[in-house]
Amino acid sequence: MEDKINEIKKAAEKELEQVKSSNELKELKIKYLGKKSELSEMLKSLGKLSKEERPKIGALVNEVKKEIEEKINATEEKIREQVIKEKLEKEKIDITLPGTKIKRGSKHPLNRVIEEIEDLFVSMGYDVVEGPELETDEFCFERLNLPEGHPARDMQDSFYITDEYLLRTQTSAVQARAMVANKEKTPIRIITLGKTYRREDDATHSHQFNQIEGLVVDRKDTVNISLADLKGTLEVFMRKMLGEKTELRFRPSYFPFTEPSYEVDVTCFKCGGKGCPLCKHTGWIEVLGSGMVHPNVLKMNGYDPEIYSGFAFGTGIDRLAMFKYGITDMRYLYTNDIKFLSQFDRMDIEN
Amino acid sequence: MKLSLNFVKDYVDIAVPVDVLAEDMTRVGNEYDSAEKLVPATKLIIGEVKTCEPHPDSDHLHVCTVDVGKEVLNIVCGAPNVKAGQKVIVALAGAELPGGVKIKKSNIRGQESNGMICALYEIGIDKKYLSEEDKNGIHVLPDDAPIGGDPVKYMKLNDEVIDFDLTANRGDLLSILGMAYEIGAIYDKKVRDIDLSHNETKDDINDTFKLKINTPNCSLFLAKEVKNVTIKESPDFIKNRLIASGIRPINNVVDISNYVMLECGQPLHFYDRDRLKDCLEVRQAYNGEKLTTLDEVERTLDESDLVISDGEKSIGLAGVMGGLSTEVEPTTKNVIIEAAIFDSVMVRKTSKKILRSEASNRFEKGIAPNRTYMAIERACKLLEEYADGTVIGGKCVYDKTDTARKSRLIEIKYKDVNDLLGANISKEEILDVFRRLDFEIDYSDNEKAGVWVPRRRLDISIPEDLIEEVSRIYGVDNIEGKLPVVPMKQGSKNGTIRAIRNKMVDLGLNETLTYVLINDKEVHKYTNDEFEELRLLDPMTEERNVLRYSLIPSLVKTYEYNKAHYNKDVSIFEIGKGFWKKQEEYGENQKLCALMTGNYFEGLNKKPVDFYVIKGVAEEILDFLGYGGRYSFVYPKQSIKEFHPGQTAEISVNGDIVGVLGRIHPEEIKEPVFVLEINLDRLLAKRASKMTYKEISKYPTINKDIAIIVDEKITSKEVETEIKKAGGRLFLKSEIFDVYEGKNIGEGKKSLAYSLSFGAQDRTLTDEEVNEVLQKIIERLEKVLKAELRS
């Protein structure tokens with residue numbers, strides 16, 4: 001009897017090894033474990049056995065049945081895995097094909113620079129303000145100490161619409177607007193950025209360009225804004241835009257709305273100040289106009305120059321953007337070739 | 001202003017090389033364009049042509065032997081005027097001539113050539129300064145030129161020139177004397193006096209000559225007479241200094257007027273006395289008055305121009321240019337010298353209209369009256385010395401210059417200096433600056449000083465101007481920068497425009513920056529809005545003569561440019577101003593404009609842009625800004641000419657039109673190109689919804705799909721509106737998922753399929769409840785839109 005049982009077990013194990021599909025396995029299960037299987041029959045006929053043999057054989061049959069069942073289950077799992085594996089293998093794709101997406105947009109390099117400047121000055125407590133591009137002669141010139149007939153008006157050939165209205169030649173117009181708009185005549189700390197227009201077009205000048213203008217006005221008795229403050233502020237500004245190693249040189253100059261006035265040169269970012277064609281072998285590149293707000297300008301716009309002093313500065317953003325990104329021709333900024341624009345479609349991580 | 005170093009050294013000592021001087025001048029505020037030798041050529045030597053034979057293989061070259069002292073060189077020369085026996089300028093092998101020419105030993109058509117015989121223009125003197133002979137051939141030196149010597153030194157052309165780019169306020173630096181004071185201040189050197197000494201006859205010009213000043217625009221007029229001048233060539237030093245200063249020498253008399261102008265900064269005019277009547281008059285021109293100026297051009301004047309007349313007709317354009325009829329000619333014997341000050345604004349206007357001259361430039365910047373007196377005496381001195389003239393005694397004087405302008409006493413407080421500069425400069429250092437500048441100190445104590453500003457410095461009128469002088473001469477580099485110490489406060493900026501820009505970039509569009517000035521043919525395109533265009537009074541080109549109203553023409557131009565440059569997929573946007581005028585009101589509005597064409601989706605599922613893609617961009621922006629549920633897209637009430645009549649929508653927010661989008665009319669652009677423009681000022685003035693949290697329902701949402709057949713003219717928006725009206729409280733939202741037109745639903749009909757969601761905050765809806773609502777919706781659609789439910 002026991003031999004018989006072991007034979008069945010061996011036969012079952014042998015057949016299991018041959019099984020290939022889940023159908024075959026199902027048949028095998030019926031054959032060895034079904035109600036009509038030899039082992040089931042044995043259990044049914046246990047009563048025919050002697051009292052001593054009955055539990056022993058019974059236990060053995062159950063044990064073998066359990067063993068066969070476990071083996072069948074294991075095989076079943078193996079077959080299932082195999083089936084899935086084969087199915088998924090068939091679903092293999094070419095992962096080198098391109099991803100599905102929309103185009104990646106880009107921000108114009110000038111606006112990238114504008115935003116960088118805005119963020120820098122906002123972090124120092126400045127307010128970013130705006131002014132009209134279609135300006136009046138009054139705010140663009142007169143309130144900045146540039147009366148009609150002033151020779152310095154020639155430095156800025158203008159696009160007039162009428163005798164009164166013109167496209168602003170400088171963001172400085174917003175200086176006067178900010179001072180006039182401040183009815184309580186409280187301290188001012190602003191920058192303004194935007195488009196400006198002059199009647200000139202050549203390789204280094206576009207009739208439309210962009211400027212940033214800064215103005216700080218505060219009380220003399222408590223704060224006393226000085227040239228030293230202007231120097232320090234512009235050092236922070238230029239080093240942020242052009243690199244920490246940038247040195248600045250203040251050259252006395254002339255602007256009707258500031259007194260004293262200074263033009264500011266920075267060490268050439270191409271040669272670092274050694275001299276190269278870009279800086280015409282001087283080591284310096286002129287980038288900014290600046291100075292202490294002229295007492296007449298303060299007065300004309302409602303601030304008493306006995307009580308207030310301030311500094312102002314302005315610079316062209318187009319050139320800063322060209323320096324920053326190595327753009328070789330100013331005209332590229334306004335041609336808007338997709339091949340140009342799409343080069344500014346990503347972050348520039350600082351690491 | 002071109003500064004000849006030889007010239008200025010007459011008045012101040014300079015011990016540094018030209019490049020150092022240029023840099024030092026820059027540091028005190030005087031920029032320069034170039035600083036170089038007047039004759040930049042190297043390795044030049046005086047030679048004598050010993051023999052000169054025609055080149056055997058050329059019809060115009062000569063083969064010469066030239067003695068340069070140490071050796072005799074074989075040189076092939078192409079100049080027509082070369083001859084044996086001439087003293088000439090030779091550039092030796094290894095010489096560098098202006099324009100990058102390098103002289104090498106060479107062989108020209110079989111003849112050895114070991115140098116070059118030079119013309120003056122070849123060594124760096126511009127042709128415009130040269131005589132006809134010198135323009136057309138080599139320069140022939142006088143016989144006493146020493147063989148082997150330095151020709152530059154021999155010709156007294158060994159000068160150095162700095163070309164300054166001066167600021168508009170420093171009219172004083174348009175003179176050698178002004179430059180001398182500036183240089184003297186930098187190096188702490190005294191300026192030498194100008195020599196005005198000359199003899200005069202016992203006669204008085206006032207007996208025979210009169211001034212009539214009939215305009216308020218002439219504040220000072222002086223005249224003197226010099227008789228019996230000899231017109232000839234100027235001495236070398238005058239000619240060379242004029243050339244170095246950028247002025248062409250003509251003859252001794254004319255050259256002297258220019259020479260004195262350079263020295264004193266006061267333009268002079270010399271009249272041929274014998275072609276003049278007995279007076280000089282200054283007056284406004286008559287409207288339409290004609291005057292032929294020195295350059296032989298007839299000018300038509302008006303009453304805004306200032307003229308000099310002989311009492312009857314105009315003979316000169318005051319401050320700008322003299323007239324042809326009384327100019328100094330080779331036959332001139334007697335001259336009247338005019339030294340005057342004309343109104344700077346008036347001269348500026350006339351010269352801007354007619355001609356910019358050395359004279360007008362100086363009048364525009366302003367002239368100190370003492371220089372007028374100085375210049376006329378200096379001219380007499382030089383005419384006596386270099387033109388053998390006899391100076392007639394006395395001078396005609398008309399002087400209305402304000403005496404207050406002569407010298408100004410300005411008080412300066414040392415504390416103000418240091419407060420404004422943020423520095424700590426001592427009293428001694430401050431006063432030393434004024435001593436160097438040759439500004440006289442009237443009084444000083446431990447807090448303040450009274451400073452006399454010399455008449456030449458018209459730019460200094462307030463204490464701040466003096467502070468600038470301190471910062472210039474003391475040196476801005478010596479002031480340490482620091483950040484302002486101010487009360488801390490939050491900086492602010494309006495972030496909306498930047499957020500819109502970022503969103504557009506995220507939506508995959510490239511930002512452009514186009515010109516605001518466009519052509520007037522385009523300004524009214526792509527809009528039915530009524531406005532007057534803003535036209536430039538004086539455009540640079542007719543291509544850009546008006547300010548744009550819409551940004552669409554600019555982006556269309558950008559599209560065309562890109563198409564021509566093989567960029568087919570164009571999705572661009574710009575945020576910028578559009579300008580307008582209505583009656584007397586001028587305005588500008590911030591606008592968002594986008595243009596899309598070609599592929600927008602990338603990878604394998606490429607799909608060209610259509611109306612719904614650009615509409616999606618618009619919806620994204622509106623939803624992002626919080627206008628979800630407040631906007632709709634409507635057919636324009638009146639079609640816009642440049643848009644496709646069936647594929648255009650206006651964007652309505654809270655009932656007002658804020659923008660437009662659609663396909664550009666195929667007659668404008670054949671390819672499907674779509675544009676969008678939103679007036680951001682108008683949009684952002686509309687109230688947007690606040691971003692606040694709404695409780696999420698804990699109960700399930702039930703979805704039901706329906707499909708209906710309606711007339712093809714009915715819009716999806718109309719169907720959705722009716723669904724919403726019938727839906728009641730339990731209806732949440734509808735979403736269209738299919739649009740179908742085809743044979744099996746009949747001509748003129750379309751099928752629309754919607755997924756409807758239902759739900760409640762407080763319970764799970766029963767099937768009966770949902771079906772009841774659904775039934776209501778269907779009934780309304782059938783009743784109102786004649787819809788037919790598809791089974």
Side-chain angles (χ1 to χ4, degrees), chain A residues 97-108 110-111 115 118 121-128 132-134 149 151-152 159-161 165 199 201 207-208 216 218 223-229 231-233 235 250-254 259-260 262 292 295 309 333-334 336-339 341-342, chain B residues 26-29 167-169 345 348 364-365 419-422 462 464-465 467-468 471-472 476 479-484 486 488-489 491-493 498 501 504-516 534 536-537 540 558 562 565 567 570-571 577 579 586 588 600-605:
Chain A
L97 287 173
T100 303
K101 63 193 170 191
I102 58 166
K103 291 171 129 339
R104 186 157 72 248
S106 64
K107 198 174 280 184
H108 195 282
L110 274 169
N111 281 330
E115 291 182 359
E118 281 179 351
F121 281 97
V122 168
S123 79
M124 295 196 287
Y126 286 69
D127 301 319
V128 181
E133 291 171 33
L134 182 60
F159 287 117
Y160 277 91
I161 309 293
Y165 281 93
R199 209 175 165 285
D201 243 340
H207 72 272
Q208 175 178 317
V216 177
D218 216 316
V223 170
N224 185 45
I225 294 297
S226 71
L227 172 65
D229 297 322
K231 277 189 91 169
T233 302
E235 279 164 6
F250 280 64
R251 264 185 301 106
S253 186
Y254 171 65
E259 184 68 43
Y262 301 92
M292 305 307 295
S309 67
L333 294 173
Y334 297 95
N336 299 301
D337 192 311
I338 299 288
K339 293 186 205 81
L341 297 175
S342 57
Chain B
T26 299
R27 288 197 177 258
V28 298
T167 54
N169 61 330
V345 175
R348 178 168 175 268
E364 282 175 36
K365 306 277 160 64
D419 279 354
L420 192 67
L421 299 180
I462 56 173
E464 283 76 7
D465 294 326
I467 298 175
E468 174 164 43
S471 91
R472 281 189 334 115
V476 201
I479 297 166
E480 190 80 24
K482 69 176 185 65
L483 283 176
V486 287
M488 196 180 272
K489 78 171 188 65
S492 68
K493 66 166 188 279
R498 190 192 288 197
R501 178 184 299 131
M504 291 301 283
V505 171
D506 291 347
L507 285 168
L509 286 84
N510 299 114
E511 188 185 26
T512 64
L513 200 57
T514 54
Y515 292 128
V516 161
L534 293 161
L536 297 182
L537 293 179
M540 279 198 299
T558 304
N562 276 290
H565 289 77
N567 301 320
V570 178
S571 284
K577 296 273 182 76
F579 302 83
Y586 291 80
E588 56 189 69
Y600 172 65
F601 300 94
E602 299 203 315
L604 288 174
N605 302 321

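Order of the sequence lines sets the chain letters (A, B, ...), proteins ahead of strands, with each chain counted from 1.
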* Asked: So, do A:M292 and B:E464 sit near enough that their side-chain heavy atoms are less than 4.5 Å apart?
  -> no

* Asked: B:L483 and A:D229: side chain to side chain contact (heavy atoms under 4.5 Å, CB included), yes or no, with the steps?
  -> CA-CA 5 Å; B:L483 283 176; A:D229 297 322; over 6 Å; no

* **From CD (A:Q208) to OG1 (B:T514), nearest 0.5 Å** => 7.0 Å

* Partner chain B: residue of A:G99, A:G125, A:S226, A:P252 with the largest heavy-atom pair count (under 4.5 Å) -> A:P252

* Structure fact -> Under 4.5 Å to a heavy atom of chain A? For B:D506 that would be backbone

* Does the B:E511 side chain pair with the main chain of A:K107, one donor and one acceptor, at a distance under 3.5 Å? -> no

* Asked: Atom OG1 in B:T512, atom CG in A:N111: separation rounded to 0.5 Å?
  -> 9.5 Å

* Which answer fits B:Y600, side chain, backbone, both or neither, if we ask what part of it has an atom under 4.5 Å from a heavy atom of chain A? -> both

* Flag the one option from A:P295, A:S309, A:S342 with the top tally of heavy-atom pairs under 4.5 Å to chain B. => A:P295

* Asked: Between B:E588 (side chain) and A:E133 (backbone), is there a donor-acceptor pair under 3.5 Å?
  -> yes

* Side-chain contact test, heavy atoms from C-beta onward, threshold under 4.5 Å: evaluate it for A:L333 versus B:L513 and give yes or no. => no

* **A:F121, part contacting chain B, at a heavy-atom distance under 4.5 Å** => neither

* To do: Check each atom of B:N510 against the heavy atoms of chain A and say whether the ones under 4.5 Å are side chain, backbone, both or neither.
  => both

* **chain A contact via B:E602 - side chain, backbone, both or neither, heavy atoms under 4.5 Å** => both

* Structure fact -> Bottom line for B:L509: the part with an atom under 4.5 Å from chain A's heavy atoms is backbone

* Structure fact -> One option among A:I102, A:V223, A:D201, A:N224 has the most heavy-atom pairs under 4.5 Å with chain B, and it is A:I102

* Structure fact -> One option among A:G105, A:G232, A:S123, A:S253 has the most heavy-atom pairs under 4.5 Å with chain B, and it is A:G105

* Is the closest basic N to carboxylate O distance between A:D127 and B:K493 below 4.0 Å? -> no

* **Full working for side chain to side chain contact (heavy atoms under 4.5 Å, CB included) between A:H207 and B:M540** => CA-CA 9 Å; A:H207 72 272; B:M540 279 198 299; 3.5 Å; yes

* For A:I338, is it the side chain, the backbone, both or neither that has a heavy atom under 4.5 Å from a heavy atom of chain B? -> both

* Structure fact -> So OG1 of B:T167 and OH of A:Y254: to nearest 0.5 Å the spacing works out to 8.0 Å

* Asked: Where on A:D218 is there a heavy atom nearer than 4.5 Å to chain B: the side chain, the backbone, both, or neither?
  -> side chain

* Structure fact -> Whatever's closer than 4.5 Å to a heavy atom in chain A on B:I462 counts as side chain

* Select, from B:T558, B:I479, B:L420, the one with the greatest count of heavy-atom pairs under 4.5 Å involving chain A. => B:L420

* Asked: How far apart are the C-alpha atoms of B:S471 and A:Y262, what are their side-chain angles, what is the distance that settles it, and do they pass the side chain to side chain contact (heavy atoms under 4.5 Å, CB included) test?
  -> CA-CA 10 Å; B:S471 91; A:Y262 301 92; 2.5 Å; yes

* To do: Look up atom NZ in A:K339 and atom NE2 in B:H565, then write down how far apart they are to the nearest 0.5 Å.
  => 7.5 Å

* To do: Report the option among B:N567, B:N605, B:V570, B:V345 that has the most heavy-atom pairs separated by less than 4.5 Å from atoms of chain A.
  => B:N567

* **B:K489, NZ: over 12 other non-hydrogen atoms inside 6.0 angstrom** => yes

* Structure fact -> For B:V476 and A:L227, the nearest pair of non-hydrogen atoms, with its separation, is CG1-CD2, 3.8 Å

* To do: Check the angle between the aromatic planes of A:Y334 and B:Y515 and answer parallel, tilted or perpendicular using the 30° and 60° thresholds.
  => parallel

* Asked: Which region of A:P132, side chain (C-beta onward) or backbone (N, CA, C, O), has a non-hydrogen atom less than 4.5 Å from a non-hydrogen atom of chain B, or is it both or neither?
  -> both

* Is there side-chain contact between B:L537 and A:I161, with heavy atoms separated by less than 4.5 Å? -> no

* So which of B:I467, B:T26, B:L507, B:L534 has the biggest tally of heavy-atom pairs under 4.5 Å with chain A? -> B:T26

* To do: Select one option (side chain, backbone, both, neither) describing which atoms of B:V28 are under 4.5 Å from chain A's heavy atoms.
  => backbone

